Structures are given as C-alpha cells and as structure tokens.
Amino acid sequence: MFRQRPAAPAERPPDAGPSSLDGGGIPSEGSSSTLPVQDTQSESFLSKIMADNPYFSAGAGLMGIGVALTALRRASTLGTTFAQRRLLVTLEIPSKDRSYPWFLEWMAAHAPQPGSGKGKGRMGFTSHELAVETSYKQHEGGSGEAIFNLVPGPGTHYFKYGGAWFQVKRERDAKLMDLHSGSPWETLTLTTLSRDRGLFPQLLAEARELAEQSTEGKTVVYTAWGVEWRPFGKPRRRREMGSVVLAKGAAERVEEDLKGFLGRAKWYAERGIPYRRGYLLHGPPGSGKTSFIQALAGAVGYNICLLNLAERGLTDDKLNHLLGLVPERSFVLLEDVDSAFSRRVQTTEDGYKSSVTFSGLLNALDGVASSEERIIFMTTNHVSRLDPALIRPGRVDVHELLGDAAPEQARRLFVKFYGRSGFNDVQSGEKEPEPETDDIQRMGDEVEQILEEEASQGRSVSMASLQGLFIRSGAEEAVESVRGLCTSRTSPE
Ligand SMILES: Nc1ncnc2c1ncn2[C@@H]1O[C@H](COP(=O)(O)OP(=O)(O)OP(=O)(O)O)[C@@H](O)[C@H]1O
C-alpha cells in the first residue's frame, strides 16, 4: 500500500532576503504581512496575563484609582480657588496698621477667658491657640492683682459676628522683623462669605470704639519706639487740674491760650499759618511742670507723646519722622530740653548721646506738613541755657515760669491736703471741696507766713518737697517742719 508523502517545502531562492521568521534582520516589503500576526499574539499574551495574573490586574486598578484621585484633588483645588474668588472675601490687617491693636483688643474681649471653661468665648469665638497678656491692677486699698487676659495667639480662629462666620488667621513671620521696633511682623487675615463683606467696616468700627472706651477718661502716654509711637504702659487716670497748685494766674494763662488755639483751626487755615503752638514751662525741679502738662492734657482730652532728645540712637531723620507721625489729639512733650541742647556748641567732652543735631531739631519742629495740628510742650530747669533760636516765636509761643512754692501757693496746697474734703476726693472730681475748718485755715495761714519770712531771706522750698512733707506728716507737724525745708536759691535759672 502506498501512502502519499507530504509535499516538501519549496526551496528558497538563493537571492531571497532573510525570512521574517529568521528572527533578525529588517523585514522586507514582502515579509511585512507577518507583523499583525505578532501584535495579535502579544495583545492576547497581555490580556492573558492581565486576566490570569491577579497582581497585574490589581496594580492596573490601583493606578486607575490614583489617576482618578489626582484629578479629583485638582478639581477640588480649582473648586476651592474658584469658591474663594467668588464666594469668600478676605481682609488683611498688617501689624503696622492702626486698626491692628484695636482688633487684637476686640478679639481679647471676646476670646475665652480663664475660668470660662471650654475654650469658647462670647460670640462663639473658638480658639485653641491662645496667648496671654498680663496686666497689673492696683486697688484703692493698695493691694494689687495680676490680670491675665487671654488673646487668640498665632493660628486660626473662628468667630460669629452679625450672624456670619468669620475665620481669622493670626500669622507671625519669624523671618520678617520690624527693624525699628524689633518685633516680629504679624498679619491678621479675616475671611468671610462675600455677601457678608459689609460687616468688615462695622467690625473694625466696633473694635475702634472698644479701644477708645478703654482709654476714655484716661491719658495715654506714648514713647518713641524706633520711628513710631507706642503706648507706654496702660492708659493713666487723668490728672485733675485741681490737683496741681500753681501760682495765681499761671495755670489759667496757659489753659486759656491752649483752648483758644484749639478753637481756631479754621482761622489758621484761612490765613495759611501753620497750625502749631509751642509752650515752654520753665522753673526749678519739682515745681509741677510735668504734672501741669498732664493735667492740661486731661482737661482737653489729649494724650502725651514723650520724646527724650538725649535718647541713644535718635537721629535727625527719626526725629523728623516721629514729629510727622504724632497720633491725633496728642501733645508732644520734650522734657529737660536744655540737657539735650544748651548753646549750639555740641562738641563738649561728654558729647551728646543722641545724634540729633540742633539744626535737625529746629527743622523737625518747623516740619513741612504745615496744615497739621501740632502742640509742643518743652520743659527746662535752665531757661537761660536755651538757644534763642529754639524758643523764638513760632517755635515757642507761650513762656511760663513755674517757680518754687509762693507763700500763698503753699497755703493752698496745705489746705488741699489737710482740708476736710481730702485731697483725693478733689483729685478725682467726685466732691466739691467743703468749707475748711477754721483750724486748717489758720494753720495754712501760718505756713504762708513762714514762707513769706523765708522768702525775705532769699530762701524757698519746692512744691514737690512740700508735697513730700504733707504726705508723711500730720498738719501740726507739717507747720513745724516747713521752715526746715527752705533752702537758699543761689542759682536762679
Ligand atoms: N505745683 C504743684 N502742685 C501739686 N503738686 C506738685 C506741684 N509741683 C510739684 N508737685 C508734685 O511734685 C512731684 C514732682 O512734680 P513734677 O514732676 O510735675 O515737677 P517738675 O517741675 O516737672 O520737675 P522736674 O523739673 O524735675 O522735671 C509730683 O508728684 C507732683 O505731684
């Protein structure tokens, strides 16, 4: 039986290119038809692996989830940015701005305070990052009490105001420093819904009102801190005019002049005259110059900017800047102006600690912003040492001598101390002075008599020394001791 043999493969012609199945070489035109066969094979290989290999399919699934999450995150970032742009509104208050301390005070007033429990204050103020501001309160009886005020510290806080929620971020920049004050740069950023933006001005106005309430009836003393004015300590209770006893007419002259000046802003503006007034109070130590300026500030509701010309580091530029930035309703007080500048010669052995020059001071006093109100008080114990240029009219308009205790001035101080109404009541303005007892009046006359006798001998006593005597002694003892306090005034001024 014959079996048919399978046909033998056709022999390759000798010039034929390498076969695609040879595995190597570039496929020839005629061999291209072999590729789809290979792809199909690898695809099926891949799908086979994916279908068969659980690890592979899980990885692919995870990759898909990752891609989806990234897309979601991007979308949410875009959405947040969009919402922030469209729906939210922010307000930035840098620490340089005047409303910064007002708003901090407002936050302190509404933040949770010690003993309030859960870290939630009034107005729904929630804070977990708190800072403490400690103050000290002196009671009438002399005892003192430390008061710890908790303020929202650096971080994010939320509060509800006017029916709207606000976020407040208090940020402190560790790298950025205010070079002049040396304190870190801070920013408060308030965020709320756009529709509630109208609450911002209301909120700031309320914060300002609160800040003003805390200084109502008080005198704020500012000192120079670099090139800015900063409150020095807590606002002080206003000094009553009645607590400073000056020679007859002195207080009235200055007070009348000041009140007249304050009522003539328009008059000055119409004539193009710089709206400024300068006062020089001169006299021996302890005659009440500083006390009187404090009382005057209280009488017209002004604050005091205390400037020490001899301060180290104070330069002409800084001085100029400071005088141009005096807070509104404030006197500028240059104390002991003679100790910084006597005559123009400044190259003495001791030299001046500050680098303010005399011409720098004159320029700063004259200033350039002529329309702004400026009230300057200068005090000195030695008026004769002052350069006439410093106290010429325009720079100093009113000169007032506050001397040692005149005899009748001493009598008035005595009666104020020992009179039935008591000095403190008169000082606080709670009571009108009651008629004094005859005894006190008689003893007051005696003090006056003694001082007249001493004055005829060229001897006198300062008001500060009298006050010291009256504080530590009873009335009779004071009368006996007053003569012993009088000393010769060898150098007038
Ligand atoms: N005329 C006065 N009436 C009431 N108290 C006075 C008077 N003068 C001085 N005193 C008291 O004496 C103390 C010192 O007063 P004050 O500092 O005002 O004097 P001063 O003239 O400014 O002194 P100095 O020139 O040394 O700066 C204060 O406690 C003040 O109450």
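Atoms within each ligand, like the ligands themselves, are counted from 1 in listed order. Fair warning: this is a prediction, and the values are worked out from it, not measured in the lab.
Near Asn381, the atoms of ligand 1 lying under 4.0 angstrom from a non-hydrogen atom of the residue are 25 (O). Atom numbering of ligand 1 starts at 1 in the shown order; those under 4.0 Å from a heavy atom of Leu246 are 1 (N). For ligand 1, the atoms closer than 4.0 angstrom to any heavy atom of Gln467 are 5 (N), 11 (C), 12 (O), 28 (C), 29 (O), 30 (C), 31 (O). Every atom of ligand 1 with a heavy atom of Ser291 under 4.0 Å away is listed here by number and element: 15 (O), 16 (P), 18 (O), 28 (C), 30 (C), 31 (O).
Proximity of Ala405 to ligand 1 is not established, as no heavy-atom distance is less than 4.0 Å. Under the 4.0 angstrom criterion for non-hydrogen atoms, Thr379 is not in contact with ligand 1. Distances shorter than 4.0 angstrom occur between a heavy atom of Arg239 and an atom of ligand 1.
Where the criterion is an N or O separation shorter than 3.5 Å, residue side chain and backbone included, Met463 fails it with respect to ligand 1. Checked against a 3.5 angstrom limit, the closest N/O atoms of Gly283 and ligand 1 fall outside it. Considering backbone and side-chain N/O of Ser287, one or more are found under 3.5 Å from N/O of ligand 1. Ligand 1 has no nitrogen or oxygen under 3.5 angstrom from a nitrogen or oxygen of Glu335. Checked against a 3.5 angstrom limit, the closest N/O atoms of Phe292 and ligand 1 fall outside it.
A donor-acceptor contact under 3.5 angstrom links the side chains of Glu335 and Thr290, judged on distance only.
At a heavy-atom distance under 4.0 Å, no atom of Ser462 approaches ligand 1. The proximity of Lys416 to ligand 1, defined as any non-hydrogen pair under 4.0 Å, does not occur for either the backbone or the side chain. Using a 4.0 Å cut-off between heavy atoms, Lys289 contacts ligand 1 through both its backbone and its side chain.
Classified by interplanar angle (parallel below 30°, tilted 30° to 60°, perpendicular above 60°), the ring pair Tyr275/Phe261 is parallel. Taking the six-membered ring where the residue is Trp, Tyr161 and Phe166 present perpendicular rings, their angle passing 60° and hence far from 30°.
Between Glu311 and Lys318, no side-chain nitrogen of the basic residue sits less than 4.0 Å from a carboxylate oxygen of the acidic one, so the salt-bridge criterion is not met. Arg253 and Glu255 are not joined by a salt bridge, as no carboxylate oxygen comes within less than 4.0 angstrom of a charged side-chain nitrogen.
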Exercise for the section: Under the salt bridge (Lys or Arg N to Asp or Glu O under 4.0 Å) rule, what do Arg442 and Asp445 come out as? Steps first, then yes or no, please. Expected result: CA-CA 5 Å; Arg442 184 185 47 73; Asp445 291 343; over 6 Å; no
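Of all the listed residues (Gly288, Gly286, Ala406), Gly286 holds the heavy atom that lies closest to atom 24 (P) of ligand 1.
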Check residues 390-398 and write down every donor-acceptor pair under 3.5 Å in which the side-chain atom is one partner and the other belongs to a residue at least two apart or another chain.
| from | atom 1 | to | atom 2 | distance (Å) |
| --- | --- | --- | --- | --- |
| Arg395 | NE | Asp366 | OD1 | 3.1 |
| Arg395 | NH1 | Ala389 | O | 2.6 |
| Arg395 | NH2 | Asp366 | OD2 | 2.9 |
| Asp397 | OD1 | Gly394 | N | 3.2 |
| Asp397 | OD2 | Gly278 | N | 2.8 |

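In this structure, Asn303 has no side-chain hydrogen bond (donor to acceptor under 3.5 Å, both in side chains) partners at least two apart in sequence or on a different chain.
No option in Leu402, Val244, Val245 other than Val245 meets the side-chain contact (heavy atoms from CB on, under 4.5 Å) test with Met463.
The closest side-chain heavy-atom distance from Leu322 to Val332 is not below 4.5 Å.
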